[in-house]
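For clarity, every value in this text was computed on a predicted model and none was experimentally measured.
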Amino acid sequence: MSGPIAPIVLFCYNRPGHLQRTVESLRMNMLAAESELYVYSDGPKSESDRQQVSEVRAYLAKVTGFRQVHVIEAEKNKGLARSVTEGVSAVLSRYPKVIVLEDDMLSTTDFLTFMNNALDTYAERDDIYSVTGYTPPLEFPQNYLHDVYLVPRASSWGWGTWAHKWANADWQVTGFDKLKSDPFQREAFTLGGEDLWPMLAKQQKGIIDSWAIRWTYSQFTHQAYGLYPVRSKIKNIGTDGSGTNFTFTSAEYGQEMAEGNVVMPPDLTLDGSMIAAFRRYYRLPFLLKIKNKVKYGI
């Protein structure tokens with residue numbers, strides 16, 4: 001690593017069990033003791049989850065193993081999208097780079113090492129806006145030789161970015177009408193997955209509230225990409241139906257994590273076969289396409 005250690009920003013709400021597993025996994029990282037940890041604890045939505053939020057905060061008050069732990073408690077519920085945009089922006093007003101996690105992410109012991117190396121290696125690449133330790137279970141092309149790859153999509157699972165790139169985010173999606181009226185641009189936008197356009201349209205209709213789709217859109221408008229590892233260093237444990245934004249159960253995302261050094265070529269270029277494999281993974285089921293068309297007009 002050529003620069004200072006990036007701070008970690010962790011977002012949590014009302015799942016003390018998931019949070020404890022996430023923090024314990026993170027604490028096992030080789031760079032944990034050198035890393036500042038900022039935890040944003042969202043407030044309760046109603047009396048029904050006040051006890052769980054209290055349990056989360058009681059646990060956070062005892063967390064050790066990091067250079068310093070800062071806990072920021074919201075009095076009222078902000079929701080994940082607002083929590084992330086405000087929290088990441090606040091930390092990046094003090095640091096040049098950041099690593100971001102939610103409360104349902106297990107990590108390898110070298111996850112922080114991988115992330116710091118990636119943030120140092122690609123800081124000056126204008127065409128790379130984010131890095132992540134997660135990779136979906138793709139069918140990788142056999143002739144792909146690198147340990148990392150680029151795709152036109154940001155990940156929200158164990159990711160990082162830089163202050164000067166985060167500052168370019170367009171949270172209002174000001175070019176939405178232009179994108180909507182241009183089928184060629186929409187096709188380009190969905191190179192990172194067929195689900196991207198429906199998500200962005202639902203965001204603008206107020207059906208969902210997602211910071212991640214707006215961050216991916218922002219990367220698209222700057223012709224920038226996300227960097228992913230070929231072997232995942234993050235495992236999501238929130239696909240058990242307990243989450244706020246991920247409320248159905250799925251084992252599809254529970255692939256094994258991989259320890260080990262990752263070679264990061266500074267001049268890494270796009271690979272068409274990797275983008276095609278990535279896009280195939282995020283194909284929309286036919287019935288969901290029909291639902292989007294009939295119910296939402298998308």
Problem set entry | Closest heavy-atom pair and its distance - Pro229, Phe114 | CB-CZ, 3.9 Å
Exercise. Who passes ring pair (Phe, Tyr, Trp, His ring centres under 6.0 Å) against Tyr122, sequence neighbours left out?
Worked result: none
Problem set entry | Residues which pass side chain to side chain contact (heavy atoms under 4.5 Å, CB included) with Ser130, listed by chain and number, not counting sequence neighbours | Ala154, Trp215, Gln219
Exercise. Who pairs with Tyr149 by ring pair (Phe, Tyr, Trp, His ring centres under 6.0 Å), at least two apart in sequence or on another chain?
Worked result: Phe140, Tyr228
Problem set entry | For the student: nearest non-hydrogen atoms of Ile213 and Leu196, plus distance | CD1-O, 3.4 Å
Exercise. Given side chains that start at C-beta, do those of Leu119 and Ile99 come closer than 4.5 Å, heavy atoms only?
Worked result: yes
Exercise. Heavy-atom count around Lys78 NZ within 6.0 Å, excluding the residue itself: above 12?
Worked result: yes
Seminar exercise, completed: Closest non-hydrogen atoms of Val148 and Pro265, given as atom of the first, atom of the second and distance, are CG2-CD, 4.1 Å
Exercise. Any ion pair linking Lys233 and Glu259 (charged N to carboxylate O, less than 4.0 Å)?
Worked result: no
Seminar exercise, completed: In this structure, CD of Glu55 is separated from CD of Gln20 (nearest 0.5 Å) by 11.0 Å
Exercise. Is Met30 reachable from Val262 through a run of hydrophobic residues whose side-chain heavy atoms are each under 4.5 Å from the next?
Worked result: no
Problem set entry | Carboxylate-amine/guanidinium contact Arg57 Glu75, below 4.0 Å | no
Exercise. Is there a salt bridge (charged side-chain N to carboxylate O under 4.0 Å, His left out) between Arg214 and Asp170 once you walk through the steps?
Worked result: CA-CA 7 Å; Arg214 288 178 284 166; Asp170 178 5; over 6 Å; no
Exercise. Between Trp197 and Phe176, is the gap from one ring center to the other below 6.0 Å?
Worked result: yes
Exercise. Side chain to side chain contact (heavy atoms under 4.5 Å, CB included) between Arg279 and Glu194: does it pass, once the steps are laid out?
Worked result: CA-CA 7 Å; Arg279 192 173 192 269; Glu194 286 183 343; 4.1 Å; yes
Exercise. In this structure, are over 12 heavy atoms from other groups packed under 6.0 Å from Glu73 atom CD?
Worked result: yes
Exercise. Is a side-chain donor or acceptor of Lys97 paired with a backbone partner of Pro4 at a separation under 3.5 angstrom?
Worked result: yes
Problem set entry | Aromatic ring pairing Tyr217/Phe189, orientation class (parallel under 30°, perpendicular over 60°, tilted between) | perpendicular
Exercise. Just checking, is any N or O donor in the side chain of Ser107 or Asn29 under 3.5 Å from an acceptor N or O on the other one?
Worked result: yes
Exercise. Of all heavy-atom pairs between Asp103 and Leu10, which one has the smallest distance, and what is that distance?
Worked result: N-CD1, 4.0 Å
Exercise. Taking 4.0 angstrom as the limit, do Arg50 and Glu47 come out as a salt bridge?
Worked result: yes
Problem set entry | Sequence-distant partners of Tyr144, ring pair (Phe, Tyr, Trp, His ring centres under 6.0 Å), two or more places apart | His146
Problem set entry | Modelled atom types, side-chain donor and acceptor of Ser89 and Trp166, under 3.5 Å | yes
Seminar exercise, completed: Separation between OH (Tyr134) and OG (Ser155), nearest 0.5 Å, reads 7.5 Å
Problem set entry | Residues, nucleotides or ligands: over 12 heavy atoms within 6.0 Å of Asp126 CG | no
Exercise. With no hydrogens and no angle check, do the side chains of Tyr225 and Arg125 hold a donor and an acceptor under 3.5 Å apart?
Worked result: no
For this session: Please check if Leu31 and Val63 belong to a single hydrophobic cluster, counting links between Ile, Leu, Val, Met, Phe, Trp and Tyr side chain heavy atoms closer than 4.5 Å.
Result: yes
Exercise. Can we say Asp195 and Arg153 salt-bridge, meaning some charged N sits less than 4.0 Å from an Asp/Glu carboxylate O?
Worked result: yes
Exercise. How many angstroms lie between atom OH of Tyr129 and atom CG of Asn168, to the nearest 0.5 angstrom?
Worked result: 3.5 Å
For this session: Taking all heavy atoms of Leu60 and all of Ser41, pick out the closest pair and write down the distance.
Result: CD1-CB, 4.1 Å
Problem set entry | salt bridge (charged side-chain N to carboxylate O under 4.0 Å, His left out) partner of Arg15, the single match among Asp42, Asp49, Asp104 | Asp104
Exercise. Is there side-chain contact between Leu106 and Ile234, with heavy atoms separated by less than 4.5 Å?
Worked result: no
Exercise. Which residues satisfy the salt bridge (Lys or Arg N to Asp or Glu O under 4.0 Å) test with Asp147, sequence neighbours excluded?
Worked result: Arg231
For this session: Heavy atoms only: give me the nearest Leu92-Pro96 pair and the separation to one decimal.
Result: CD2-C, 4.1 Å
Problem set entry | side chain to side chain contact (heavy atoms under 4.5 Å, CB included) between Ile72 and Phe11, worked out | CA-CA 10 Å; Ile72 302 93; Phe11 294 93; over 6 Å; no
Problem set entry | Which residues share a side chain to side chain contact (heavy atoms under 4.5 Å, CB included) with Ser273, sequence neighbours left out | Pro141, Asp271
